[in-house]
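Numbering of ligands and ligand atoms starts at 1, following listing order. Numbering of residues begins at 1 and proceeds along the displayed sequence.
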Amino acid sequence: MPVKTFHTRSANVIEEIATKSYRSPGALSKQLYERASRVMPGGNTRHSIALAPYPIYARSGIGCRVTDVEGDERIDFLNNYTSLILGHADPQVTSAVTRRVSLGTAFTMPAPEEVELAELLAGRIPYVEQIRFCNSGSEAVMLAVKAARAFTGRHKIAKFEGAYHGIYDYAEVSESPKADEWGESDAPGSVVEPGTPPGVASDVVVLPWNRFEACRERIRSHKDDLAALVVDPMPLGIGMIAPRSGFLELLREETARYGILLIADEVLTFRLSYHGSAHAFGIQPDLGSFGKIIGGGFPVGAVGGSRQVMSVFDHTGSLKVRHGGTFNANPVTMTAGIETMKQMTPEAYSRLNALGDYLRERLARIFRDRGMPAQVCGRGSLFLAHLSGEELIDFRSLCGFSRNSPVYGELCHQMLQRGIILSPRGVFGCLSTPMSEGEADAFVNALESSLTKLTM
Ligand SMILES: Cc1ncc(COP(=O)(O)O)c(C=O)c1O
């Protein structure tokens with residue numbers, strides 16, 4: 001099937017093509033979704049990629065472009081939710097993985113690749129002396145929390161209201177509480193997800209992002225029970241609102257004061273620098289959780305930290321945390337991770353992050369030129385624009401508009417029609433190394449014409 005390349009056509013033609021394909025009555029995506037809905041609840045197996053009225057089914061991807069099952073091509077600014085830093089089907093990753101697959105994909109023995117990827121990561125992340133692999137970021141967060149509990153002999157964790165850390169019961173607490181569940185602004189309530197035992201709430205201390213005194217006080221008052229504080233230095237769930245100057249340092253200081261471990265959740269933000277996001281933000285945590293880009297496009301997770309803390313997993317010593325997993329460190333994922341990490345040199349990060357600066361600056365300029373209240377968050381290769389002029393400081397300040405507005409779903413469809421893949425939940429996206437200014441410009445141009453169509 002021939003591939004239709006959107007970004008080379010005028011906006012009107014693009015819309016016409018897109019309407020005829022993905023949203024047309026006989027669209028293959030529509031048919032697939034009807035079949036999916038019969039055998040999967042909601043026709044979906046991953047809520048984070050749900051799209052109304054139905055998803056676009058992917059056929060293939062190469063570089064920064066994805067072709068859907070109708071044969072339409074778009075520039076991918078989501079990259080499997082930030083996990084593909086080299087874009088799709090990178091030739092080096094593909095050939096290394098293909099070679100590896102032909103030699104067998106999983107064994108009841110370790111394979112040399114796990115040693116190499118562990119060495120590569122420990123060599124880059126300043127606070128990681130030892131590391132263990134698992135299969136998702138959620139597992140990585142869970143393992144970090146368990147390690148902290150075992151190491152400190154305490155049971156509670158602290159986390160930020162609105163922050164997403166995957167689907168472990170404790171990490172999910174107050175990930176998306178409704179306004180009537182919030183409680184005090186300085187002492188947010190602990191809200192468990194449906195299906196989670198209510199007792200979990202009492203073991204999670206919820207903190208308000210960027211509120212110095214409230215955090216200091218919450219940490220102090222739970223100091224004897226807190227095993228760890230989990231923090232993503234630039235949390236997507238809190239709109240990538242940057243930590244205020246000194247905020248992460250305060251968390252480091254207060255946790256260290258009481259022997260509470262600081263866990264940096266770098267699953268998404270590890271792509272910010274060669275040394276990871278904790279380093280980019282200038283903090284030295286005790287443990288980190290990793291995922292996404294380190295698997296080079298395959299399922300992955302990892303927990304890492306100092307030798308002393310990681311010793312809780314050491315079965316040759318005083319083992320405290322059991323850690324199995326049939327596909328942990330499988331050589332296919334490890335191979336893809338090695339090839340990806342090798343390509344992500346300091347120079348590759350500099351180039352990608354400079355492109356991120358360029359895109360954020362262009363976005364800020366179009367909002368300014370249009371006199372539109374908006375603010376552009378993000379850093380490095382990550383961007384998130386809020387179509388709101390309100391002061392954004394924490395989760396609650398986002399809820400007035402940025403977290404709930406249906407305008408983002410509409411905008412996503414406008415962008416899809418113009419050949420751009422963007423989240424339906426915000427002007428959120430990321431860059432990949434095959435991109436250049438041409439793709440960033442295509443994004444900005446598509447956004448400009450999409451904004452004129454919105455019913456805001
Ligand atoms: C910060 C953060 N932590 C944890 C996770 C969970 O990772 P996974 O989806 O691989 O389970 C995610 C996923 O988006 C994330 O963004």
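Distance alone, capped at 3.5 Å, is enough to place a donor-acceptor pair between the Arg252 side chain and the Gln284 backbone.
Near ligand 1, residues Ser136, Gly137, Ser138, Tyr164, His165, Gly166, Asp232, Asp265, Val267, Leu268, Lys292 each place a heavy atom inside the 4.0 Å sphere around the ligand atoms.
Taking 4.5 Å as the limit, some side-chain heavy atom of Met435 sits within range of a side-chain heavy atom of Ile75.
Using modelled atom types, one finds no donor on one side chain facing an acceptor on the other under 3.5 Å when comparing His88 with Arg65. In summary, the side chains of Ser311 and Asp314 do not present any donor paired with an acceptor at a separation below 3.5 Å, with no hydrogens or angles considered.
Under the 6.0 Å distance and 45° angle rule, Arg379 counts as a cation-pi partner of Phe281.
Residues Phe290 and Phe133 place their aromatic rings such that the two centres sit no closer than 6.0 Å.
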